[in-house]
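Since the structure comes first, as structure tokens, the remarks are kept for the end.
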Amino acid sequence: MNTTFGVDDNGQTISRAQVVADALNRTLDELINRCMRDEGVRDYFDIGVIGYGRTNRAEFCWLGNLAGRTLVPISEVAENAETIEEETTTMVRGQPVVERVAVSRWVAPVAVESTPMNGALRLAQSILEPWISANPGSFPPAVINITDGMANDVDSDEELLATARRLTGLKTNDGHVLLMNCHISGGDDAPVVFPSSAGQLPDDTYARLLFEMSSELSGRHRAIICELFERDLKTTPTLRGMAFNADAVALVKLLDIGTRPAIVFNQAAEASSRDRTTEFEQ
């Protein structure tokens with residue numbers, strides 16, 4: 001994750017870890033805004049952020065007052081944002097204008113040369129099992145796994161796949177846990193986003209493993225994706241929740257789609273204090 005991913009709006013090089021952290025922080029900020037009601041932020045769901053950049057092992061990586069917490073209600077996420085100032089450049093009448101803006105953040109870009117993905121998925125399972133037991137009528141949790149490399153805490157692909165399937169085997173009364181995988185590279189290869197079959201992937205063993213690990217998306221997801229990506233819904237019977245060789249744009253789109261169920265509320269959800277958990281993994 002320390003590898004350069006590209007350049008930011010100010011033309012400065014930016015690491016993969018920074019791109020992921022920025023995308024997660026923006027997504028959290030957007031989710032808070034969508035849960036805002038007249039009386040404040042409604043606890044429609046809980047969020048957890050798992051990373052493995054500090055100690056070479058998977059752990060929850062909230063900043064500040066949330067440090068040490070696991071799943072956190074969205075209202076508490078809103079109350080415990082760290083505010084920092086960043087420089088941003090905008091064009092005004094053809095001239096660049098630099099200004100400082102306040103941004104909220106909950107996670108920081110930390111990276112080491114280790115990818116204990118198996119441990120991260122197992123940690124997610126250990127947290128979601130009691131959550132599901134306490135919330136059996138909820139929407140099923142969504143787990144979004146963002147990585148730039150292969151897991152190095154397993155002896156075989158089969159071991160990682162088995163862990164993923166144990167995770168997606170968990171279910172509420174409304175369905176199974178949704179696992180979406182996003183592989184980021186920042187290279188020149190074209191991203192493959194929400195493939196309908198393994199044949200759309202490059203000839204890469206790791207790409208096919210992520211495909212097998214990823215959940216098949218619901219009909220509602222397919223309708224949204226086909227609209228956004230201008231695909232024919234009638235000829236797209238299935239889609240997997242994954243991206244391979246993702247750039248920053250593909251990452252943001254996957255996060256957007258992955259969190260959409262958390263912000264689509266019906267009357268029953270309005271009457272409930274918490275109806276979904278969304279869990280990000282970095």
Side-chain angles (χ1 to χ4, degrees), residues 27 45-52 58 60 70-71 115-147 150-151 153-183 192-198 200-201 205-225 236-244 246 251 253-262 264 274-282:
T27 299
F45 56 98
D46 299 331
I47 296 175
V49 184
I50 295 174
Y52 32 76
F60 284 85
T70 57
L71 295 182
T115 311
M117 188 188 307
N118 193 58
L121 296 178
R122 291 177 63 183
L123 177 58
Q125 179 183 345
S126 72
I127 295 298
L128 290 181
E129 283 177 332
W131 191 96
I132 289 173
S133 179
N135 300 273
S138 169
F139 291 113
V143 179
I144 304 175
N145 175 40
I146 304 169
T147 180
M150 300 177 66
D153 61 342
V154 292
D155 295 324
S156 66
D157 290 349
E158 288 72 22
E159 182 181 352
L160 184 62
L161 181 58
T163 298
R165 287 180 173 169
R166 284 193 294 271
L167 176 61
T168 56
L170 301 177
K171 63 179 181 178
T172 67
N173 297 338
D174 195 55
H176 287 265
V177 167
L178 177 70
L179 175 58
M180 303 179 73
N181 292 284
C182 184
H183 166 263
V192 179
V193 188
F194 301 119
S196 57
S197 70
Q200 296 176 337
L201 299 169
T205 302
Y206 185 47
R208 293 178 180 272
L209 173 62
L210 289 181
F211 181 87
E212 292 298 323
M213 291 170 55
S214 302
S215 297
E216 184 175 311
L217 299 179
S218 68
R220 181 156 57 87
H221 283 108
R222 284 193 298 111
I224 294 171
I225 292 167
T236 310
T238 62
L239 289 173
R240 289 294 178 104
M242 72 164 290
F244 194 76
L251 170 62
K253 287 183 177 179
L254 186 137
L255 286 171
D256 176 40
I257 297 297
T259 56
R260 290 252 180 153
V264 178
R274 189 171 301 131
D275 283 285
R276 187 178 179 87
T277 176
T278 301
E279 183 159 332
F280 300 107
E281 293 184 17
Q282 180 181 353

Practice task
Compare all side-chain heavy atoms of Tyr52 with those of Thr147 and state whether any distance is below 4.5 angstrom.
Solution key: yes
Practice task
With rounding to the nearest 0.5 Å, note down the distance linking CG in Leu121 to CG in Leu160.
Solution key: 6.0 Å
Exercise for the section: Determine whether Ile146 and Leu255 make a side-chain contact, defined as any pair of heavy atoms from C-beta on separated by less than 4.5 Å. Expected result: yes
Handout entry: Interatomic distance, Arg165 atom CZ to His176 atom NE2 [nearest 0.5 angstrom]
Key = 13.0 Å
Handout entry: Distance in Å, Leu178 CG paired with Leu167 CG, rounded so as to fall on 0.5 Å steps
Key = 10.0 Å
Problem - Side-chain donor or acceptor of Ser126 paired with backbone N/O of Leu123 under 3.5 Å - result: yes
Fill in the blank from the handout: Here the pair of heavy atoms bringing Asp174 nearest to Ser138 is CB-O, 3.5 Å
Handout entry: Side chain to side chain, Leu201 and Met242, heavy atoms closer than 4.5 Å
Key = yes
Completion exercise
What one should report as the nearest heavy-atom pair of Ala58 and Pro116 is N-CG, 4.1 Å
Practice task
Check whether any side-chain heavy atom of Pro141 lies under 4.5 Å from a side-chain heavy atom of Thr172, and answer yes or no.
Solution key: yes
Exercise for the section: Could you tell me the separation between the CG atom of Leu128 and the CG atom of Leu170, rounded to the nearest 0.5 Å? Expected result: 6.5 Å
Practice task
Would you check if Ile132 and Val177 make a side-chain contact, meaning some heavy-atom pair closer than 4.5 Å?
Solution key: yes
Problem - Validation row: Pro140, Lys171 side chains within 4.5 angstrom (heavy atoms) - result: no
Fill in the blank from the handout: Nearest heavy-atom approach of Gly258 to Ala142 is O-CB, 4.0 Å
Handout entry: Exercise: identify the closest heavy-atom pair between Arg240 and Ser214
Key = NH1-O, 3.2 Å
Fill in the blank from the handout: Rounding to 0.5 Å, atoms CZ (Arg122) and CZ (Arg166) come to a distance of 7.0 Å
Exercise for the section: Hey, could you give me the OG1/CG distance between Thr115 and Asp153, rounded to the nearest 0.5 Å? Expected result: 8.5 Å
Fill in the blank from the handout: Heavy-atom closest pair (Arg222 atom, Pro237 atom, distance to 0.1 Å) is NE-O, 3.3 Å
Handout entry: Asp157 and Glu212: CA distance, side-chain angles, deciding distance, side-chain contact (heavy atoms from CB on, under 4.5 Å) verdict
Key = CA-CA 10 Å; Asp157 290 349; Glu212 292 298 323; over 6 Å; no
Exercise for the section: For residues Tyr206 and Phe244, determine if any side-chain heavy atom of one lies less than 4.5 Å from a side-chain heavy atom of the other. Expected result: yes
Problem - Distance-minimising heavy-atom pair for Phe194 and Met180 - result: CE2-CE, 3.4 Å
Fill in the blank from the handout: Sequence neighbours excluded, the answer for side-chain hydrogen bond (donor to acceptor under 3.5 Å, both in side chains) partners of Glu129 is Gln125
Problem - For Arg208, all residues meeting salt bridge (Lys or Arg N to Asp or Glu O under 4.0 Å), sequence neighbours excluded - result: none
Problem - Given Val193, Ile224, Ile144, the one that forms side-chain contact (heavy atoms from CB on, under 4.5 Å) with Ile257 - result: Ile224
Practice task
Answer yes or no: is there a donor N or O on one side and an acceptor on the other, between the side chain of Ser215 and the main chain of Leu179, under 3.5 Å?
Solution key: yes
